[in-house]
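What follows is one structure encoded as structure tokens, with my remarks underneath.
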Amino acid sequence: MQPIQDIFPLLSQPRRVVVTMHQKPDADAMGSVLGLQHFLVQLGHQVQVISPTNWARWLDWMPSVDAVLDYELHRAKSDEYMEAADWIFCLDFNHLARTKGMAKKLAEVAAQKILIDHHEQPDMVQFAYGISSPGKSSTCEMVYDLIVESGHRDKINKPVSECLYAGVVSDTGSFRFSSTGASVHHMVAYLKEMGLEHAKVHESLFDNFLENRLRFLGHILTNRMEVDYLNNTALVYITRQDLYKYDIKTGDTEGIVNYPLSIQGIKLVGFVVDRDELRKWSFRSKGAFDCNTFARTYFNGGGHYNAAGGHDLESLEKTIQSFKKAISENEHLLQ
């Protein structure tokens with residue numbers, strides 16, 4: 001994989017470009033791809049954004065999200081764009097498998113794939129150019145860096161600012177996570193100088209749910225949360241019945257994993273949702289507990305040091321038991 005800087009001189013030559021992200025994109029994934037799209041269009045590139053799956057309805061406010069193709073709904077059209085592309089930017093994921101049903105096509109097409117990601121242990125052989133920076137707060141911050149370092153700071157207009165700010169504020173937990181370095185605040189200061197209305201973005205991200213989601217949250221925290229003070233750990237689980245009863249859609253469970261971290265003494269939270277095809281895990285930790293290693297070791301996953309994810313094909317009951325067994329094997333790290 002050649003350095004991302006090697007494409008800077010090539011940006012002035014218009015190309016056919018596809019930009020994509022991981023399945024079930026969050027604010028950082030959608031914000032980074034749309035922010036990059038709005039930048040590249042200003043340079044004369046033909047750009048199509050393709051999402052491997054659907055996305056949360058509370059992301060529908062983002063500029064040009066209505067033009068994003070859902071691969072699962074528009075497979076043939078999406079394949080045509082990828083086959084015709086000169087470049088495919090791959091944002092906020094480190095392995096093609098994170099694109100679910102798109103992975104096979106991505107591996108087959110001749111287009112040069114360009115990685116921009118902040119997760120650990122990327123599969124570099126899949127990408128012609130790229131940058132992997134696990135220390136960065138978000139992929140949106142990395143897209144901002146690309147724009148500035150390539151000499152195009154003047155192309156950061158309102159749509160670019162709104163998209164990139166959305167990902168940064170989301171992935172930093174509104175600037176409270178340890179990944180929030182000085183560079184993040186310098187970035188936001190510049191976006192504000194350029195006219196960013198940050199309150200509008202906050203409202204769109206965090207005050208844009210339906211009533212059923214709030215009632216669902218109350219039910220989960222009351223009836224589906226277990227706290228293990230002996231091992232400084234909390235478990236939250238969601239059953240299929242919970243999803244059906246409260247009509248939970250993509251994105252409605254976003255952020256719930258963080259709530260138990262506010263409990264005094266809790267160092268690790270495991271959060272699992274009983275989906276049809278698998279049990280999907282999220283992990284969050286404070287301090288010195290390595291979620292990335294934990295997720296890779298026990299739940300076929302990975303991510304960041306204090307935030308990671310994984311999955312299990314076993315039943316909800318069995319995967320919860322696996323989690324509790326894993327905690328017992330790591331109790332010395334949680335004291």
Side-chain angles (χ1 to χ4, degrees), residues 1-26 28-55 59-60 62-117 122-132 139-140 142-144 146-147 150-152 155 157 159-160 163-164 167:
M1 184 173 77
Q2 299 178 60
I4 192 74
Q5 290 80 6
D6 287 0
I7 74 164
F8 292 175
L10 309 177
L11 289 172
S12 60
Q13 179 182 342
R15 286 173 165 79
R16 294 165 296 183
V17 178
V18 166
V19 187
T20 191
M21 66 294 238
H22 60 75
Q23 63 168 315
K24 302 294 182 183
D26 54 11
D28 187 36
M30 187 65 81
S32 61
V33 299
L34 290 177
L36 182 63
Q37 177 206 31
H38 286 289
F39 164 64
L40 293 174
V41 166
Q42 293 179 74
L43 297 181
H45 299 281
Q46 299 177 39
V47 186
Q48 178 61 53
V49 175
I50 302 174
S51 173
T53 63
N54 64 347
W55 53 88
L59 296 176
D60 284 344
M62 286 190 177
S64 298
V65 73
D66 56 328
V68 176
L69 289 178
D70 179 342
Y71 187 77
E72 293 183 332
L73 297 180
H74 305 284
R75 185 178 297 259
K77 190 174 183 181
S78 298
D79 285 348
E80 289 178 9
Y81 276 111
M82 287 192 283
E83 289 166 358
D86 302 304
W87 285 348
I88 298 180
F89 281 88
C90 300
L91 273 56
D92 205 34
F93 66 91
N94 55 4
H95 290 265
L96 298 187
R98 296 276 329 268
T99 62
K100 202 176 179 181
M102 272 182 64
K104 184 174 184 293
K105 193 65 178 181
L106 275 175
E108 291 174 350
V109 294
Q112 291 183 313
K113 289 176 275 293
I114 303 170
L115 174 71
I116 305 176
D117 180 56
D123 185 10
M124 292 187 182
V125 299
Q126 296 286 349
F127 305 99
Y129 302 92
I131 182 169
S132 173
T139 303
C140 279
M142 298 177 71
V143 171
Y144 174 84
L146 180 150
I147 296 172
S150 65
H152 296 287
K155 299 295 190 293
N157 56 18
V160 172
C163 292
L164 298 187

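Note: hydrogens, waters and symmetry copies are ignored here, and every other heavy atom, side chains too, is used.
When each of M30, H22, K24 is checked for a side chain to side chain contact (heavy atoms under 4.5 Å, CB included) with D26, only H22 meets the rule. For the side chain to side chain contact (heavy atoms under 4.5 Å, CB included) test with V17, the passing option among V47, I88, L43 is V47; the others fail.
Atom CG of L36 and atom CG of L164 lie 9.0 Å apart (nearest 0.5 Å). To the nearest 0.5 Å, atoms CG (D70) and OG1 (T53) are separated by 6.5 Å. Considering CE of M82 and CE of M102, their distance stands at 4.0 Å, rounded to 0.5 Å. Between the CE atom of M142 and the CG atom of D92 there is a distance of 9.5 Å, given to the nearest 0.5 Å. In this structure, CZ in F127 is found 9.5 Å from OG in S132, a value given to the nearest 0.5 Å. With rounding to the nearest 0.5 Å, the separation of OG in S51 from CG in L34 is 10.0 Å.
Between Y71 and D79 there is a side-chain heavy-atom pair separated by less than 4.5 Å. Within the 4.5 Å cutoff, the side chain of W87 has no heavy atoms near those of the V19 side chain. Counting heavy atoms from C-beta on, the side chains of S32 and I116 never come closer than 4.5 Å. Residues E72 and K100 form a side-chain contact, since some pair of their non-hydrogen atoms from C-beta on lies under 4.5 Å apart. Annotation: side chain of S64 is in contact with side chain of H38 (closest heavy-atom distance under 4.5 Å). A 4.5 Å side-chain heavy-atom check between L10 and Y129 finds at least one atom pair inside the cut-off. You'll find the side chain of I7 stays beyond 4.5 Å of the side chain of Q112, heavy atoms only. Looking at heavy atoms from C-beta onward, C163 lies in side-chain contact with P63 at the 4.5 angstrom threshold.
Residues P25 and L59 share a closest heavy-atom pair of O-CD1, 3.6 Å. Among all heavy-atom pairs drawn from K113 and Q126, the shortest one is CE-O, 3.4 Å. Residues F93 and T99 come closest through the heavy atom pair CZ-CG2, 3.6 Å. Residues G35 and V160 approach most closely at O-CG2, 3.7 Å, considering heavy atoms.
For T139 (side chain) and D28 (main-chain N/O), no donor-acceptor pair under 3.5 Å exists by modelled atom type. Although no hydrogens or angles enter the test, the distance criterion places a donor-acceptor pair under 3.5 Å between the side chain of H45 and the main chain of R15.
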Derivation and outcome, side chain to side chain contact (heavy atoms under 4.5 Å, CB included), residues F89 and V143: CA-CA 11 Å; F89 281 88; V143 171; over 6 Å; no
Audit row: L40, L11, side chain to side chain contact (heavy atoms under 4.5 Å, CB included) steps and yes/no: CA-CA 8 Å; L40 293 174; L11 289 172; 4.1 Å; yes
Candidate pair Q48 and L69, rule side chain to side chain contact (heavy atoms under 4.5 Å, CB included), full reasoning: CA-CA 8 Å; Q48 178 61 53; L69 289 178; 3.6 Å; yes
Q37 and V68: CA distance, side-chain angles, deciding distance, side chain to side chain contact (heavy atoms under 4.5 Å, CB included) verdict: CA-CA 11 Å; Q37 177 206 31; V68 176; over 6 Å; no
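Every residue meeting the side-chain hydrogen bond (donor to acceptor under 3.5 Å, both in side chains) condition with D60, not counting sequence neighbours, appears here in chain and number order: W55. Partners of D86 according to the side-chain hydrogen bond (donor to acceptor under 3.5 Å, both in side chains) rule, which considers only residues two or more places apart in sequence or in another chain, are R16.
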